[in-house]
Amino acid sequence: MVIIMKLDASESDVEKVKAKIAQKGCHPYLVYGTQKLAVGVTGPTTQLDEEEFLIMDSVQEVLRVSKKFKLVSREVKSEDTIIDINGEKIGGKHLTVIAGPCSIESRQQLFDIAGPLKEMGLKFFRAGAYKPRTSPYAFQGLKEKGLELLSEIKKELGLMVITEAKDTETLDAVAEVSDIIQIGARNMQNFSLLEKAGRLKNPILLKRGLAASIEDLLMSAEYIVSQGNFNVILCERGIRTFETYTRNTLDLNAVPVIKKHSHLPIFVDPSHGIGIWDKVPAMAMGAVACGADGVMIEVHNKPDEALSDGYQSLTPKNFEKMLHKLEQLAPIVDKELDLCK
Ligand code: PEP
Ligand code: MN
């Protein structure tokens, strides 16, 4: 259920609505639009009677939400969520490009990649400190040391950083350095991790699971939002299909479908989606063309020596070529590429 408050509703009016919801054992969530305030309600909402709210002077409208996911749905909030990260906006008309290596390997490697990206005008840098690898014998990341190196990148280059939280034990340490916390595909349904991330303030980039439906992804986002953290960015990164020519099947269908059903920003990661570096630019263009709010791209200065995902990583030079194309494409879909000029 969602209760739309009138424009002139006061704080005490909102408190009265919240109290009435809580009395019936339900939970109220304040959802702020640019003008109106909506109170989303979860819990045993069948116990609530619309009339009880409609008779209140401050209430404009009461709607039943038909979807399984509630707080992330457009029924609760019709306008796009725009996330503000230190003044940088994600969502709406903004097209954001995040780039960086799959893993943090060394100080030298990190600065050799981040330096050129910063010069190209990028604002967000990605790099994994804790790596969820299919094989326990594969490189698992530099862990705490990696987080320290990321803080150096932030301080010395002024880039904002995104890195993955692999489990609840290391989430707080990751949260301390991350401007955006990534929850990876393999953890999309790690519900304790989602709930804990939902109690943080950091924006969360939630990647779609390898075999997750669009609805599964939205339900996982609901886990985070229902704990109070509305700053969730969804990310399509390819799903498993019978196809073997590519690493995954990048489901670009997810972009317009999610745009219809959810107010949250949706990014695309074509690097993991296709898994072959020279085909990444084509899929990044496709992602922007179908309305993605951002793309996340793996970039490595020496792809053939990378400790993870080298085959899908662009060199900074090839990345720059792609960036110029994305910049030209953006206005055609009413977006603007956000670069430091
Ligand atoms: C990554 O971003 O490097 C990563 C491991 O992604 P995913 O969880 O989508 O596989
Ligand atoms: Mn990777």
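Small disclaimer: the values here were computed from a predicted structure and weren't measured. All ligand and atom numbering here is 1-based and tracks the order in the structure. Along the sequence shown, residues are numbered consecutively beginning with 1.
Distances below 4.0 Å separate heavy atoms of Ala185 from the following atoms of ligand 1: 7 (P), 8 (O), 9 (O). The contact set between ligand 1 and His272, taken as ligand atoms under 4.0 Å from a residue heavy atom, comprises 1 (C), 2 (O), 3 (O), 4 (C), 6 (O), 10 (O). For ligand 1, the atoms sitting less than 4.0 Å from at least one non-hydrogen atom of Arg186 are 7 (P), 8 (O), 10 (O), numbered in the order shown with element in parentheses. Of all atoms in ligand 1, numbered sequentially from 1 with element shown, those under 4.0 Å from a heavy atom of Cys102 are 3 (O).
Heavy atoms only, all atoms of each residue included: Leu157 and Gly115 are closest at CD1-N, 4.0 Å. Heavy atoms only, all atoms of each residue included: Ser106 and Leu142 are closest at N-CD1, 4.1 Å.
The protein non-hydrogen atom at the shortest distance from atom 6 (O) of ligand 1 is Lys207 NZ, 2.9 Å.
Note that the CD1 atom of Ile274 and the NZ atom of Lys279 stand 7.0 Å from one another [nearest 0.5 Å].
Side-chain heavy atoms closer than 4.5 Å link hydrophobic residues (I, L, V, M, F, W, Y) into clusters, and following such links, possibly through other members, connects Phe191 to Leu234.
In this model, a donor atom of one side chain and an acceptor atom of the other lie less than 3.5 Å apart for His300 and Glu105. Checking Thr34 against Glu79 by side-chain atom types alone, a donor-acceptor pair falls below 3.5 Å.
The existence of a salt bridge linking Arg74 and Asp80 is confirmed by a sub-4.0 Å separation between a basic side-chain nitrogen and an acidic carboxylate oxygen. For the pair Lys89 and Asp338, the salt-bridge criterion is not met [side-chain N within less than 4.0 Å of a carboxylate O].
The N/O atoms of Gly184, backbone and side chain alike, include none that comes under 3.5 Å of an N/O atom in ligand 1. Checked by distance only, ligand 1 and Arg126 come closer than 3.5 Å through their nitrogen or oxygen atoms. Checked against a 3.5 angstrom limit, the closest N/O atoms of Arg237 and ligand 1 fall inside it.
The Mn ion (ligand 2) has Cys102 SG, His272 NE2, Glu298 OE2, Asp309 OD2 as its protein N, O or S neighbours under 2.8 Å.
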Exercise for review: Walk me through it: do Val14 and Glu11 pass the test side chain to side chain contact (heavy atoms under 4.5 Å, CB included)?
Suggested key: CA-CA 5 Å; Val14 178; Glu11 260 179 51; 5.7 Å; no
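At least one heavy atom of Lys131 sits under 4.0 Å from some atom of ligand 1.
At least one cation-pi condition fails for Arg126 and Phe124: the charged atom is not both under 6.0 angstrom from the six-membered ring centre and inside a 45 degree cone around its axis.
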